A.B. asks: 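I'd like to ask you about the structure that follows.
Per chain, numbering begins at 1; letters A, B, ... match sequence-line order. On a predicted model such as this, the values are computed, not experimentally measured, just so you know. Only this structure's heavy atoms are used, side chains among them; waters, hydrogens and symmetry mates stay out.
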Amino acid sequence: MEPKIKLENISKVFHMYNKQSDKLLEIFTPKRKRIKKSFLALNNISFEVYKGETIGVIGTNGSGKSTLSNLLAGVNPPTSGNMEVNGEVSLIAINAGLKKELTGLENIELKCLMLGLNKKEIERIKPQIIEFAEIGDFVYQPVKNYSSGMKSRLGFAISTHINPDILIIDEALSVGDKTFYKKCLEKIAEFKAEEKTIFFISHSTAQIRSISDRVLWLDGGEIKEFGDAAEVINHYNAYVKWFNKLSKVEKKQYKHEIDKRRSIVDKDLRMIDQTGSRRQIRNNKRNIGFFLQISILFLITVISAFFMFMDESPLAYYNRLLDDNEDRRMQEEGKNDSEVEVKEINHIGTIISPNAKLFSDVEMEEKITVMNFATGVEVLEKIEDAYKVEYKGQEGFVKTENVSLEEYEPVITDYTIYDLKQVISPLLETSYEFFLAYLGVDYNIVKAELGGLTEEGEINGFQFLKYGYDDLVFTFNSDKTSDRMIIENINVDDYLIDKLYSEASLVSKDESMFYVALSEYDLVVDIENHVMEIKLRLE
Amino acid sequence: MRNVLQILKEQFANLGLIFRLAKYDIKSTYQMHYLGTIWQFLNPIIQVAAYWFVFGIGIRRGHPVGDVPFFIWLIVSIVPWFFINSSINQGAKSIQSKVNLVSKMKFPFSILPSVIIVKNIYNFMVMYVIVIVILVINDIYPNIYWLQLPYYLMTLMIFLFAANLLFATLSILIRDIQTAINSFMRMFFFLTPIFWVADGLPDKLVAILKLNPFYYLIEGFRNIFFLETWFYEDLTYTIYFWSLTIIMLLIGSFIHIKFKDKFVDYM
């Protein structure tokens, strides 16, 4: 038959720490170098227990009974040896695992939850537990108000109702009264009938005799005897009788001898540890991998933290390094053929982009001005992707894409300047013709005669006067004569705009601006910004 | 890595248990209160009101941050902070406070830090829905950047789990950790730009502040709603944050597994 519980050479050592910091030191010092006092709670315990057996455990105080029960319940691990436990273990000890602040009912719920029961199961067994524990209305009181008997009853009730395979009862019944004790015995008998394994730990030989099949006698952390209940109990009783007859001095001496045997120093400990030495080597290998992972991650953390202090991202930093190399290479190549290709053109060109910028240098860094769409420029030279041009008396550089060298003949349409009235705001409509008369007029006259000036200044090197109430701006050329009238907020959704667009002589590359020649006037419409410019055509 | 996998396996195997324990925890915390679980929301609302009044009205004189009203700017990041703060403070003592209860039974200790996170996340989610409603009322509508919300929520969860596992285990071995975490969290509340604006500080100072991982999380939520940037745009910082988180997770799992059998001995 498969044993339910099997222990082989189990030992449990408790370390004695003098200070709190000694505990910490143990974590960081390797096992071999530790020096400390230890206490051998269990020494070389081996036994097997089968299904349906009830085992009584007896022994004097400090013989290792509770340590054994904790080991069996899986609360503490053994220091060395092999342990096999097949099944769910439930440990009942005096006020074991009850939370003082919570009520009895809450303790039942929490305990069951922690044992992995679901809500339905808890609801089912809760009344059974309350009934069995016989604590009445105290179930709604915090556990700290309970008597020790109540606590042990509640603990017993919970532990037995969660249906364990192996039940360990550690002195739990010694505080209950006769009636409850009887009830517990009935419950234990029920368990026995269900072929469950029970460990019964007690000082009372009478209790043990009545329910145990076999008895384990522990003395000084070792098995003194394990066998038939009546036999072991008789031997134990005889031993207790003998011990009690001893004189005080003899008792002391006897106890001292046992303690001496059980207190060990690190040298002996190593002997016990040796069984686990092979596992130790494998663990060491694993630890190396762990520390390697940690160091790599730590390195990444430090590097990324370093780059957070740099102004640029690592990628930009890398690109810059590449670029620097590239530049150096370029410079070296530049020495070989320092001649940049220059082509003479000397041709009239037209600006075909809105906001084409004129630069004073071929690298296009120093901006001089912005050239108006559809104005003509004298293209002098082509230097790589730039034209050297002359615009309104200034020489400069412009991107080739902004200038067209194609000649075009403006097609004069049938529309007149008066047709534009329908796209301007009604406010301006009445005074539109009056304002038109000021095109081609001297700056001072315009300023003196027109009312409603809101802003004046210079833009791209040319003076302007703004009449904000009428959505109107006059700009002046270098002779201080008004050459353009700019009307803002025009209605670009009007069908007239579409018609004008279809007859445009020139359309900007992005199709946001177009140029139409009316009779006597040139018109540029900026669809995107709702602006049109009217210019007197110079014949 | 093996340790991490084992810890994660324990989490998923006990998912039901985690949720049940969290639910029980929420219920029992406010059981003796007349207002019950309403306190869960009342508490942060009172705090937000106080911070808004002191910093928004008192110090900033109601000036918006950029074009975002200060109140909106505050709640987007203070609500995650409440979640972080309570999770880490409670998480650090999660194992220690339950050891007595579970000492007499076999119990997967590593789920206790998760229970704390799940317990607090319920409150956080409800609060964040309210925050999003307030955002929409103030004309900040969902856009493509909002897709990052799951990323930041997941990041938040993983970071908190790593931190809780590490601190909960350490505080069994060294009790001082709990007290230290309490005061450090108070310090980080001020060192993280939650109610103040980091823009305009010297770059080097901001870089030092960014070493604090909470900065990443808190800024993350603002990136979604106001700055409209993607989390991978500051790649260096993302790498820094994740490597730090994974280090914590590795060390936490390592010492947890190494010492979990001895927790009872250390008590």
Side-chain angles (χ1 to χ4, degrees), chain A residues 14-15 20 23-24 27 69-70 73-77 88-93 96-100 102-103 106-107 109-111 113-119 122 155 159 162 168 170 283 286-287 289-290 293-294 296-311 313-315, chain B residues 1-4 14 16-17 20-21 23-25 27-28 31 97-98 100-108 111-112 173-176 203-204 206-208 210-211 233-251 253-255 258-266:
Chain A
F14 285 113
H15 303 310
Q20 189 72 16
K23 275 194 196 179
L24 252 185
I27 302 169
S69 77
N70 279 342
V75 174
N76 291 334
E88 198 80 26
V89 185
S90 182
L91 174 71
I92 309 170
L98 294 176
K99 239 187 165 175
K100 279 193 199 135
L102 298 182
T103 67
E106 285 168 332
N107 264 301
E109 284 175 5
L110 186 57
K111 194 108 202 210
L113 270 176
M114 294 228 155
L115 287 163
L117 272 68
N118 64 31
K119 209 157 184 180
I122 294 174
S159 300
I162 53 168
I168 302 167
D170 187 356
N283 273 348
R286 250 186 235 175
N287 284 355
F290 169 74
Q293 285 166 3
I294 291 285
I296 290 171
L297 276 166
F298 186 72
L299 208 67
I300 296 174
T301 315
V302 170
I303 291 172
S304 51
F306 169 75
F307 272 110
M308 275 158 61
F309 282 91
M310 307 281 292
D311 294 330
S313 74
L315 218 64
Chain B
M1 234 37 198
R2 197 193 305 262
N3 295 329
V4 176
N14 294 296
L17 184 56
R20 285 197 294 270
L21 280 175
K23 210 167 139 194
Y24 179 83
D25 253 17
K27 225 175 66 190
S28 65
Q31 206 179 32
S97 67
K98 289 255 171 21
N100 285 331
L101 197 61
V102 291
S103 68
K104 303 285 181 188
M105 58 171 103
K106 269 186 187 164
F107 185 80
I111 67 163
L112 289 173
L173 309 176
I174 312 163
R175 200 59 58 84
D176 311 42
D203 286 348
K204 293 279 181 286
V206 172
I208 292 172
K210 275 185 162 183
L211 294 178
E233 281 178 39
D234 196 349
L235 197 61
T236 328
Y237 197 25
T238 302
I239 292 172
Y240 168 79
F241 176 84
W242 277 105
S243 45
L244 197 69
T245 305
I246 295 170
I247 286 181
M248 288 206 307
L249 192 60
L250 277 175
I251 296 180
S253 310
F254 179 77
I255 57 172
K258 190 157 184 196
F259 290 102
K260 70 172 172 183
D261 292 335
K262 296 186 185 157
F263 283 159
V264 182
D265 290 351
Y266 274 100

A.B. asks: Looking at side-chain heavy atoms only, is the closest gap between L110(A) and L21(B) below 4.5 Å?
C.D. replies: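 Yes, side chains in contact.
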
A.B. asks: Under the side-chain contact (heavy atoms from CB on, under 4.5 Å) rule, collect the residues that match up with V302(A), sequence neighbours excluded.
C.D. replies: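 Once residues adjacent in sequence are excluded, the partners of V302(A) under the side-chain contact (heavy atoms from CB on, under 4.5 Å) criterion are F298(A).
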
A.B. asks: For L17(B), is it the side chain, the backbone, both or neither that has a heavy atom under 4.5 Å from a heavy atom of chain A?
C.D. replies: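 For L17(B), the contact with chain A is made by the side chain alone.
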
A.B. asks: Minimum heavy-atom separation for R20(B) to K119(A), with atom names?
C.D. replies: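 Of all heavy-atom pairs spanning R20(B) and K119(A), the closest is CD-N, 4.3 Å.
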
A.B. asks: Less than 4.5 Å to any heavy atom of chain A: does that hold for the side chain of I111(B), its backbone, both, or neither?
C.D. replies: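 Contact with chain A is absent: no heavy atom of I111(B) under 4.5 Å.
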
A.B. asks: Mind checking the CD1-CD1 spacing from I247(B) to I300(A)? Nearest 0.5 Å is all I need.
C.D. replies: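 With rounding to 0.5 Å, CD1 (I247(B)) is 8.5 Å from CD1 (I300(A)).
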
A.B. asks: Output the distance between atom CD1 (I296(A)) and atom OG (S243(B)), rounded to the nearest 0.5 Å.
C.D. replies: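 Going from the CD1 atom of I296(A) to the OG atom of S243(B) covers 12.0 Å.
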
A.B. asks: The criterion is ring-ring contact (aromatic ring centres under 6.0 Å, His included); which residues satisfy it with F254(B), sequence neighbours excluded?
C.D. replies: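 Only F290(A) meet the ring-ring contact (aromatic ring centres under 6.0 Å, His included) criterion with F254(B).
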
A.B. asks: Within a strict 4.5 Å, meaning less than it, do heavy atoms of the M308(A) and L211(B) side chains meet?
C.D. replies: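 Side-chain contact under 4.5 Å: yes.
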
A.B. asks: Please classify the contact between I208(B) and chain A as side chain, backbone, both or neither, with a heavy-atom cut-off of under 4.5 Å.
C.D. replies: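 When you check distances to chain A, atoms from both the backbone and side chain of I208(B) fall under 4.5 Å.
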
A.B. asks: Can you see which heavy atom on T236(B) is nearest to which on S304(A), and at what distance?
C.D. replies: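 Heavy-atom minimum between the residues: CG2-O, 3.3 Å.
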
